[in-house]
Protein chains: 2
Amino acid sequence: MKHRRNTTATAEILNLLSQSKTALSHANIQQSLDGLCNRVTIYRVLDRLTEDGVVHKIVNIDGVVVYAICHTCTSKEHHHNHLHFSCEKCHAVTCLDNIEPSFKLPKKYKVNHVNFTVSGICPLCC
Amino acid sequence: MKHRRNTTATAEILNLLSQSKTALSHANIQQSLDGLCNRVTIYRVLDRLTEDGVVHKIVNIDGVVVYAICHTCTSKEHHHNHLHFSCEKCHAVTCLDNIEPSFKLPKKYKVNHVNFTVSGICPLCC
DNA sequence: CTATATTTGCAACAATAGTGCAAAAACAAA
DNA sequence: TTTGTTTTTGCACTATTGTTGCAAATATAG
């Protein structure tokens, strides 16, 4: 793994993601950072964090990419097969770490990645 | 429901989707149609077909939107909670109509839409 | 403090999707 | 078949989101 530097941008973005109960999009982060760094830097920091397995990337039900801290992963063992809930009202995307949909594929399929998202109304909005 | 007209563009797009074993993206369709109509028309036809429940929209694991004929839906009753498989090699996105992942959400959540996609290597590529 | 590799900002580019509007086409009714 | 109405289309333009190359700035090891 390439050596990473401890920069303000990275620290702040990581801080935001750590504090947040919900997954954040590039737009969310950019807004929160309010000019702290260039928008390209945010893309690159998020790429690095994803690459290093610190955060994971979720493709929301509307196609927008959001990022969340990996809570249940070690640096070696990743499992992102949990469910994501996308609220149609408050637009929050939440990782439901303990809900893992089960399904059975014919063994001829080899699964590498999983993206499970449902949308609707979350407990806070109902 | 608004009255729809039977145009060449719609007929051709519907034909493509009907013939295809896999879900198709706007780009796929545009390429196949090879200038038969404007790209904007394709967007609009797909929107109409989706609105009418003739096709359904799938957000692929990479965020790209693809469309597939609704096989198991009636005009009233829709269920798109089946699994989609996205092959990393041949890039085909397939509806696995008979595989429906099961999961249990706390009853405070109200689910409206579902998007289940897994990627990996499909039987034809393995 | 210095050398080096990483990170950043900028400007430009690229890909994809949406909009307004006038022209064209489909369809129902005469 | 013709006419009138409404839907559909193409075009040009705009919007949004993500990517790239490169020089300048910065973090870190030694």
Side-chain angles (χ1 to χ4, degrees), chain A residues 1-17 23-68 86 91 93 113 115 117 119, chain B residues 1-17 23-68 86 91 93 113 115 117 119:
Chain A
M1 183 165 121
K2 220 175 186 180
H3 187 251
R4 302 302 193 192
R5 290 182 179 179
N6 185 16
T7 66
T8 321
T10 306
E12 273 309 307
I13 290 171
L14 212 40
N15 185 41
L16 276 176
L17 286 166
L24 303 177
S25 66
H26 176 274
N28 293 151
I29 293 170
Q30 186 172 13
Q31 197 164 26
S32 295
L33 290 183
D34 190 33
L36 177 107
C37 69
N38 190 272
R39 105 201 140 76
V40 179
T41 301
I42 303 174
Y43 282 117
R44 297 200 264 224
V45 168
L46 289 171
D47 280 351
R48 264 175 260 150
L49 292 174
T50 305
E51 199 181 324
D52 294 349
V54 179
V55 304
H56 67 286
K57 212 172 177 170
I58 305 148
V59 176
N60 196 3
I61 204 156
D62 58 3
V64 173
V65 174
V66 292
Y67 298 85
S86 178
H91 300 108
V93 179
H113 299 101
N115 194 86
T117 309
S119 67
Chain B
M1 184 165 119
K2 219 175 186 182
H3 186 251
R4 301 302 194 193
R5 290 181 178 179
N6 186 15
T7 66
T8 321
T10 306
E12 273 310 307
I13 290 172
L14 212 40
N15 184 41
L16 276 176
L17 286 166
L24 302 176
S25 66
H26 176 275
N28 292 151
I29 293 170
Q30 185 172 14
Q31 196 164 26
S32 294
L33 291 183
D34 190 32
L36 176 105
C37 69
N38 191 272
R39 118 202 125 72
V40 180
T41 300
I42 302 175
Y43 281 119
R44 297 199 264 223
V45 168
L46 289 171
D47 279 351
R48 264 176 260 149
L49 292 174
T50 305
E51 199 180 324
D52 295 350
V54 179
V55 304
H56 66 286
K57 213 172 176 170
I58 305 149
V59 176
N60 196 2
I61 205 156
D62 59 2
V64 174
V65 174
V66 293
Y67 298 86
S86 179
H91 300 109
V93 178
H113 299 102
N115 196 87
T117 309
S119 68

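Numbered from 1 within each chain, the chains take letters A, B, ... in sequence-line order.
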Quiz item: Any sub-3.5 Å donor-acceptor pair from Thr10(B)'s side-chain atoms to Asn6(B)'s backbone N or O?
Solution: no

Exercise. Name the nucleic acid region contacted by Arg39(B), choosing base, sugar-phosphate or nothing; use a 4.0 angstrom heavy-atom cut-off, strictly under.
Key: base

Quiz item: Are the side chain of His26(A) and the backbone of Tyr67(A) linked by a donor-acceptor contact shorter than 3.5 Å?
Solution: no

Quiz item: Considering heavy-atom distances to DNA chain C, does Asn6(B) or Tyr43(B) have its closest nucleotide positioned more toward the 5' end?
Solution: Tyr43(B)

Exercise. Provide the start and end nucleotides, 5' to 3', of the part of DNA chain D that has atoms under 4.0 Å from heavy atoms of chain A.
Key: dT17(D) to dT28(D)

Self-check item: Distance in angstrom units between Ile42(A) CD1 and dC10(C) C1', rounded
Solution: 15 Å

Quiz prompt | Distance in angstrom units between Glu12(A) CD and dT8(C) C1', rounded | solution = 16 Å

Quiz item: What does Val45(B) touch in the nucleic acid at a heavy-atom separation under 4.0 angstrom: a base, only the sugar-phosphate, or nothing?
Solution: sugar-phosphate

Exercise. State, to 0.1 Å, how close Val55(B) and Leu46(B) come at their nearest heavy-atom pair, and which atoms those are.
Key: CG2-O, 4.4 Å

Exercise. Between His26(A) and Arg44(A), just flag the one whose closest nucleotide in DNA chain D comes earlier from the 5' side.
Key: His26(A)

Quiz prompt | Value in whole Å for how far the C1' atom of dT8(C) lies from CD1 of Ile13(A) | solution = 12 Å

Quiz item: Quick one: which of dC10(C), dC21(C), dC27(C) gets closest to the side chain of His3(B)?
Solution: dC27(C)

Quiz item: Expressed in angstrom and rounded to an integer, what is the separation of Asp52(A) atom CG from dT7(C) atom C1'?
Solution: 14 Å

Quiz item: When rounded to the nearest 0.5 angstrom, what distance separates CD in Gln31(B) from CG in Leu16(B)?
Solution: 11.5 Å

Quiz item: When rounded to the nearest 0.5 angstrom, what distance separates CG in Leu36(A) from OG1 in Thr41(A)?
Solution: 9.5 Å

Exercise. Return the value, rounded to whole Å, for the distance between atom CG of Asn38(B) and atom C1' of dA17(C).
Key: 13 Å

Quiz item: Does any donor atom in the side chain of Asn28(A) or Ser25(A) lie under 3.5 Å from an acceptor atom in the other side chain?
Solution: yes

Quiz item: Looking only at heavy atoms, which two atoms of Ile42(A) and Gln30(A) are closest? And how far apart?
Solution: CD1-CA, 3.6 Å

Quiz item: Using a cut-off of less than 4.0 Å, is there contact between a side-chain N or O of Arg5(B) and OP1 or OP2 of dA24(C)?
Solution: no

Practice problem: Look at all strands and tell whether Ala27(B) reaches a base, only sugar-phosphate, or nothing, counting heavy atoms closer than 4.0 Å. | Solution: nothing

Quiz item: If you find the nucleotide of DNA chain C closest to Val40(B) and the one closest to Thr7(B), which residue's nucleotide is nearer the 5' end?
Solution: Val40(B)

